[in-house]
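Below you'll find the structure, written out as structure tokens, and then a few comments.
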Amino acid sequence: MYHKFLAVLVLALICGVSFALSNTLLAKFHTSPLIISIILGAIFANLFTKQTQILKSSGVVAIAGKQILRLGIILFGFNINLSEIASVGTIGVIYAAFMVFATFCFALFVAKALGLSKDSAVLIGSGASICGAAAVMATQNEIKADANKLAIAICTVVLFGTIGMFIYPFIAKFLALTPHQTGFFIGGSLHEVAHVVAASAAFDSAASSTAVIIKMLRVIMLVPFLFLLNFLNLSQNSGGSKLKSIPWFALFFLVAICVRSLPFFPENLVQILKLAASICLCVAMCALGFGIDRSIFKATGKKPFLLAFFIFLWLICSSLVFVKTLC
């Protein structure tokens, strides 16, 4: 019982520090508390290895990395409104779907050419194509890859998403993209929601709002994506009946979007649920950070980062072709 209490306390403290850093020292960089949390979790795990093993033995860390993660993803659905999705039209939905699934297929193709494992390809591809670290975590929940591959995938999201956050505004201005095109470009190809918010902040409200909506459409694609993993037999949640292999939390994610869109749904409750989602995902990130061993970055080699780099180039080029042609 003592160890369980201690595990809850450590997770809560790291989560609190992550939010504090995100809103103070790192506020101008729009750094997500989720990213900070997994970094702090990894630092803690590598500095206090014995203590981390004790915390893991309590079972609390495992719950945080699975059940609380799924709850966070469901609650995240309350960030999205169907009327906002309708504002970008059918072309926005098609564009988001194309960027997610074409990017994921591209990731699998390049990974095979590089001789990279399928698990690494799926994790890195999901993070780049859908919604960054949250997508990596959800995918990890399905394919049951080891923690080392998870850590590398999230590292690539942080690295290339951050690079994109700084260079995207220059690309948009250099190519003289319209506000509408800029929103599509940034929202359709940057990794994290936080990256999209930061990059689009350099433009007017029309561009930034469009960017966030397109990004939210990519987040919604997490639902069919998880079903695709099952269809392609990439998911490891297949012990028993077919019902057990269905990612039910993804369906509840869609339900949350629909409930959020009801005309009588209270707006003040949206902010509370949004905060609850962030807290759940932050705690889950910290728990996953406990499984990261610093030695993996020495042993992993350059292939995962090379894959992430090619995906990064693909995201930029394919997105620009799309928006220049159809927007």
Side-chain angles (χ1 to χ4, degrees), residues 29-32 35 88 91-111 113-114 116 121-136 152-203 206-219 221 225 302-327:
F29 299 109
H30 297 272
T31 307
S32 169
I35 299 300
V88 295
I91 190 67
V93 177
I94 293 172
Y95 170 62
F98 170 79
M99 291 306 297
V100 168
F101 295 105
T103 299
F104 182 68
C105 291
F106 177 81
L108 293 181
F109 173 78
V110 174
L114 291 173
L116 200 60
V122 171
L123 289 173
I124 294 171
S126 66
S129 61
I130 306 172
C131 54
V136 175
I152 294 298
I154 291 177
C155 185
T156 64
V157 166
V158 175
L159 177 62
F160 289 100
T162 302
I163 292 172
M165 183 176 71
F166 288 106
I167 69 170
Y168 270 46
F170 292 102
I171 295 174
K173 290 174 182 178
F174 178 75
L175 296 175
L177 299 181
T178 67
H180 187 67
Q181 290 175 328
T182 299
F184 267 64
F185 170 53
I186 294 174
S189 55
L190 267 179
H191 299 60
E192 287 273 354
V193 175
H195 294 146
V196 171
V197 172
S200 62
F203 302 92
S208 58
S209 61
T210 300
V212 172
I213 292 168
I214 293 296
K215 182 60 182 176
M216 289 297 103
L217 280 171
R218 286 171 65 199
V219 173
M221 296 300 163
F225 174 79
K302 63 183 180 181
K303 287 183 180 180
F305 294 94
L306 197 57
L307 171 62
F309 172 70
F310 284 127
I311 295 173
F312 183 58
L313 292 181
W314 157 267
L315 284 167
I316 293 175
C317 296
S318 60
S319 178
L320 285 173
V321 170
F322 195 103
V323 299
K324 276 290 192 180
T325 304
L326 298 173
C327 294

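In this chain, residues are counted from 1 in sequence order.
- Partners of Thr103 by side-chain contact (heavy atoms from CB on, under 4.5 Å), not counting sequence neighbours, listed by chain and number: Met99, Ser129, Ile311, Trp314, Leu315.
- In this structure, the side chains of Leu116 and Pro304 come closer than 4.5 Å at one or more pairs of heavy atoms.
- Residues forming a ring pair (Phe, Tyr, Trp, His ring centres under 6.0 Å) with Phe160 (at least two apart in sequence, or on another chain): Phe312.
- At least one donor-acceptor pair under 3.5 Å links the side chain of Arg218 to the backbone N or O of Leu190.
- Annotation for Leu217 and Ala96: closest pair CB-CB, 3.6 Å, computed over non-hydrogen atoms.
- Side-chain atoms of Thr156 come within 3.5 Å of backbone atoms of Ala153 as a donor-acceptor pair (strictly under, hydrogens ignored).
- Taking CG of Leu123 as the start and CD1 of Ile154 as the end, the distance is 8.5 Å to the nearest 0.5 Å.
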For this session: Could you go through the side-chain contact (heavy atoms from CB on, under 4.5 Å) check for Phe106 and Ser318 one step at a time?
Result: CA-CA 11 Å; Phe106 177 81; Ser318 60; over 6 Å; no

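- Considering only residues two or more places apart in sequence or on other chains, Ser189 meets the side-chain hydrogen bond (donor to acceptor under 3.5 Å, both in side chains) condition with Tyr168.
- Remark: Phe184 engages Tyr95, His180 in a ring pair (Phe, Tyr, Trp, His ring centres under 6.0 Å) (not counting sequence neighbours).
- Not one N or O on the side chain of Lys215 forms a donor-acceptor pair closer than 3.5 Å with the backbone of Gly188.
- Side-chain atoms of Ser126 and Phe225, non-hydrogen and from C-beta on, do get closer than 4.5 Å to each other.
- With a 6.0 Å radius and a threshold of 12 heavy atoms from other residues, nucleotides or ligands, Phe98 has its CZ atom above the threshold.
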Enumerate, atom names and distances included, each donor-acceptor pair closer than 3.5 Å involving a side-chain atom of residues 320-327, sequence neighbours excluded.
residue : atom : partner : partner atom : Å
Lys324  : NZ   : Leu175  : O            : 3.4
Thr325  : OG1  : Val321  : O            : 2.6

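- Note that CG of Leu114 and CG of Leu307 are 6.0 Å apart. Values are rounded to the nearest 0.5 Å.
- For Val157, the side-chain contact (heavy atoms from CB on, under 4.5 Å) partners at least two apart in sequence or on another chain are Val136, His191, Glu192.
- Contact detail for Gly164 and Pro169: the closest heavy-atom pair is O-CD, 4.3 Å.
- Side-chain atoms of Gln181 and Thr210, non-hydrogen and from C-beta on, never get closer than 4.5 Å to each other.
- Side-chain contact between Ser200 and Thr182 is absent, with no heavy atoms from C-beta onward closer than 4.5 Å.
- The shortest distance between side-chain heavy atoms of Ser208 and Phe203 does not fall below 4.5 Å.
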For this session: Would you sort out whether Phe104 and Val100 count as a side-chain contact (heavy atoms from CB on, under 4.5 Å), showing the intermediate values?
Result: CA-CA 6 Å; Phe104 182 68; Val100 168; 5.7 Å; no

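- Annotation for Ile214 and Gly92: closest pair CD1-CA, 4.0 Å, computed over non-hydrogen atoms.
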